[in-house]
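What follows is a single structure, written as structure tokens, with notes after it.
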Amino acid sequence: MRIPGKERLISNIHPSFHLFHPTPDIFAWNSILRSHPNSFSLYPRMLRHGSRPDSYTFPILFSSLSSLLAPFLLPQLHAHVLLSGHFHHPHVLSSLISSYSCLPSDLLLFLPLSPADLEELPTSNSLLSSLLRAGQLSHACRLFDEMPSRNVVSWSCLIDGFVNLGHPNAALDLFRIMLADPRAPAPNPFTITAVLAACARLGALQLGLWIHAFIFRHCIPPDVVLSTSLIDMYAKCGRIHNAHQVFDEMSPSNRDVTMWTAMISGLAVQGWAREALEFFHSMVETHGVGPNPVTFLAVLQACVHGGLVQEGDFYFSAMSREQGIVPTIEHYGCMVDLYARAGMIRRAWATIHSMPMRPDALIWGALLSGSKTHGDILTCEAAIKGLIELEPENSAAYVLLSNAYAKMGKWEEVSSVRRLIKSRGVKKPTGCSFIEVNSVVHEFLAGELSNHPEAVDLHLMVEEMMGRLRGEGHVGNTAEVLLDLDLEEEGKELALSTHSEKLAVAFGLMKTKPGEEIRVVKNLRICLDCHEAIRLISKVYARRIFVRDCNRFHVFNNGDCSCKNYW
DNA sequence: TTCCCAACTT
């Protein structure tokens with residue numbers, strides 16, 4: 001249909017516009033808005049035409065706003081909703097709530113929600129999701145408990161929230177409740193993705209395998225997101241071959257950059273640097289998939305763990321030169337790490353000085369551990385000072401600083417650091433390790449042996465283990481014990497023997513059959529002494545032991561570690 | 001024949 005005189009006015013709105021009546025009704029406007037890539041930009045025009053938004057219009061506009069990065073428009077549209085009289089419509093309300101990326105708690109008080117609003121699942125689910133994004137876990141749990149009904153979205157949201165807020169074990173508990181409760185809905189791909197993320201965090205391979213089987217059994221089609229979650233889970237549980245298998249099962253045309261990146265990153269933390277780089281080349285050259293900033297992070301991490309300085313240099317410059325990706329602080333962090341580990345402390349400094357941003361704790365941490373390994377005390381001191389400035393409550397940095405001064409013989413400074421620790425009321429970061437036994441994840445905190453239900457047996461196991469290690473000539477490396485413990489040598493050894501990863505390994509030896517693999521996940525970096533001890537344990541007890549620390553994998557086997565003592 | 005809530009890689 002051609003409408004004389006109207007084409008020019010409307011042709012720049014949308015190619016299909018001329019199909020509509022010259023003064024489109026709201027149904028037509030909604031269709032146009034929906035099909036336009038930037039619907040919000042058409043909204044003023046729609047108002048000028050005298051059309052009033054209805055309950056279908058607002059959800060479209062809100063979702064368009066979220067991609068616009070124009071936060072000042074949000075309250076205005078919010079006001080339009082209030083004036084329109086569509087506020088209580090569940091879809092409108094739900095899109096309004098969820099477009100506040102994290103709902104300010106005071107705003108929540110001003111939302112004129114009625115009890116009837118909260119009976120609508122989209123509304124209460126949006127609220128739940130917003131609370132979780134804002135980190136309001138206890139409020140979210142209360143809302144979940146008080147919701148008159150819950151669907152699979154509500155359950156998935158809360159499970160996912162637990163994972164993202166650092167409670168993966170609670171996420172698994174909730175998932176078990178969901179499975180056991182006959183009134184609860186069946187899990188769907190969203191739920192499964194969240195549960196897989198929890199398994200990945202915890203290194204819970206048995207449960208992860210069970211989930212994979214569940215996907216099969218329930219004929220859930222593994223789309224690219226679900227498969228990526230599986231790859232990530234397998235990679236973080238040390239099963240890179242299973243990850244590879246999932247990757248192979250996805251048809252090449254469906255693999256996106258995220259999936260490739262998950263694979264590259266999995267190979268990198270495993271220490272398989274060359275394979276990671278081969279994957280990267282296959283992705284870019286053979287399959288024509290463009291890398292993103294995260295892909296380069298994974299590539300650089302592969303170089304870091306493989307000690308590939310030249311390659312790291314090459315990819316870092318190729319990233320901005322060929323892909324136009326501006327390096328973020330994480331990319332610079334990789335480069336500092338790469339140089340510092342390789343003993344190229346001056347180049348590490350040069351990188352820090354070349355960054356357009358201020359160094360963060362990761363940068364100083366990378367510089368610190370590199371300069372420590374290579375005996376550059378002055379750089380250690382500078383890095384530690386940088387850390388303390390950023391994290392004045394983190395005691396590890398003070399202890400390291402004190403150690404560095406002691407090594408230099410600066411005893412004045414040693415005592416002034418001790419005074420600083422006391423005066424600032426510094427907390428000690430707690431080491432924490434996970435081990436999964438029979439699909440249940442057990443958590444061990446450093447030094448905390450007495451709280452465990454099997455404390456006596458575990459204590460005996462630790463003693464036996466340490467005894468056998470001493471028999472093999474292992475002497476506890478007490479140099480890294482926190483100075484503020486003020487312990488005699490023997491006490492220091494005791495503190496070392498209750499490091500969380502040793503407790504977890506001892507528990508694993510106690511609870512699994514001879515010859516079975518032991519997999520432990522630790523929240524901090526593995527300490528030098530534990531690394532030595534576990535290396536020996538793998539030989540003495542003839543066990544393959546996987547330890548994933550916050551940085552990478554260590555696969556201990558017959559007295560060797562896959563990191564080749566380079567970590 | 002138009003709308004909503006929840007998912008992946010650092």
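Chain letters run A, B, ... following the sequence lines, proteins first, then strands; residues in each count from 1.
Between A:E501 and A:R525 there is no salt bridge, since no side-chain nitrogen of the basic residue lies less than 4.0 Å from a carboxylate oxygen of the acidic one. A salt bridge does not link A:R142 with A:D145: none of the charged nitrogens is closer than 4.0 Å to a carboxylate oxygen.
At whole-Å resolution of the value, CD1 in A:I26 and C1' in B:dC3 are 12 Å apart. We find that CG of A:D25 is positioned 14 Å from P of B:dT1, with the value rounded to whole Å.
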Generate the contact string for nucleotides 4-10 of chain B. Rules: B means base contact, S means sugar-phosphate contact only, - means no protein heavy atom under 4.0 Å. BBBBBBB
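Ring geometry for A:H212 versus A:Y234: interplanar angle of 30 to 60°, hence tilted.
Heavy atoms from other residues, nucleotides or ligands lying under 6.0 Å from NE2 of A:H139 number 12 at most.
For the pair A:R217 and A:W210, the cation sits on the ring face: its NZ or CZ lies under 6.0 Å from the ring centre, inside 45° of the axis.
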